[in-house]
Amino acid sequence: MMIRVGIGYDVHRLVPDRKLILGGESIPYKKGLLGHSDADVLVHAACDALLGAAGLGDIGEQFPDTDPAWKDVSSMVFLQEVYQKVQSKGWELINMDATVLAEAPKLGSRKLQMARNMAQCMGVSDGRITVKATTTEGLGEIGAGAGVAAMCVALLQFVGSTFGG
Ligand code: MG
């Protein structure tokens, strides 16, 4: 079985007057993430993990933040398009596991819904995607509440007919 792993990492700044969107969930909080799109840091990390595993570059190459088409767009649009590209190259998701790093807010049971949102967006079963969360114990910029980071790994298996490299 041909399998490949990919890693994704992203950080966005927390600012007032923005919605906080994580894994497609709107989280009630006094601040939201700044970015060209909806700045869904978890979905961006997931996209990079998928792209990396399939050897398709990164999210910045696929969806440049200089392109007005992606202004304020839901990052779920990116995830759907990324997984379609990954599948078109003959790859299928085995599993994806992510961690959100945030001092606040607490994500609690919303983590499960974030995983479900991403699974639904990609058309894979819920059990293939897991989302965890941690603080950085008050250390560093994330610990000071200046932003939220996310990391993700994706494992793909090749189900296509001819493997191209
Ligand atoms: Mg990003």
Side-chain angles (χ1 to χ4, degrees), residues 4-87 89 91 93 95-107 110-111 113-122 124 128-136 139-156:
R4 285 216 174 163
V5 67
I7 185 171
Y9 177 74
D10 196 21
V11 189
H12 281 265
R13 189 182 294 271
L14 274 170
V15 295
D17 303 319
R18 287 273 298 185
K19 276 188 179 171
L20 178 58
I21 311 286
L22 290 172
E25 279 291 285
S26 187
I27 316 276
Y29 191 53
K30 60 187 175 184
K31 292 179 176 179
L33 295 173
L34 184 63
H36 185 66
S37 63
D38 67 358
D40 189 329
V41 69
L42 171 56
V43 169
H44 293 185
C47 286
D48 262 359
L50 290 165
L51 290 168
L56 293 173
D58 62 38
I59 190 172
E61 293 167 22
Q62 298 283 346
F63 309 100
D65 64 6
T66 49
D67 188 338
W70 313 125
K71 179 97 179 90
D72 296 326
V73 78
S74 165
S75 295
M76 286 299 188
V77 171
F78 300 158
L79 184 62
Q80 191 169 40
E81 227 175 277
V82 160
Y83 193 53
Q84 275 167 8
K85 274 182 194 184
V86 165
Q87 286 178 298
K89 298 287 182 186
W91 296 98
L93 184 74
N95 81 301
M96 193 155 75
D97 181 43
T99 297
V100 177
L101 297 95
E103 201 61 28
K106 293 280 175 247
L107 300 176
R110 290 174 181 273
K111 290 177 289 187
Q113 191 56 46
M114 292 175 201
R116 283 196 191 123
N117 292 347
M118 293 196 288
Q120 189 174 35
C121 171
M122 293 167 62
V124 302
R128 290 184 187 266
I129 300 181
T130 43
V131 175
K132 312 180 303 298
T134 186
T135 69
T136 61
L139 294 169
E141 299 283 348
I142 302 296
V148 176
M151 54 182 80
C152 185
V153 289
L155 189 64
L156 304 179

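As the structure is a computational prediction, the values presented were derived from the model and not from experiment. For ligands, and for the atoms within them, numbers begin at 1 and follow the listed sequence. Heads up: numbering here begins at 1 and tracks the sequence.
- In this structure, a donor-acceptor pair under 3.5 Å is present between the side chains of His44 and Asp10.
- The Mg ion (ligand 1) does not have Asp40 among its coordinating residues (no N/O/S atom, backbone or side chain, under 2.8 Å).
- Put simply, the side chain of Met151 does not reach to within 4.5 Å of the side chain of Ile7, judged on heavy atoms.
- In Asp10, the N, O or S atom that comes nearest to the Mg ion (ligand 1) is OD2.
- Counting just the N/O/S atoms of His44, the one with the shortest distance to the Mg ion (ligand 1) is named ND1.
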Do Arg18 and Asp72 pass the salt bridge (Lys or Arg N to Asp or Glu O under 4.0 Å) test, and can you show the C-alpha distance, the side-chain angles, and the key distance before you say yes or no?
CA-CA 11 Å; Arg18 287 273 298 185; Asp72 296 326; 3.5 Å; yes
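- Considering NZ of Lys111 and CG of Leu42, their distance stands at 12.0 Å, rounded to 0.5 Å.
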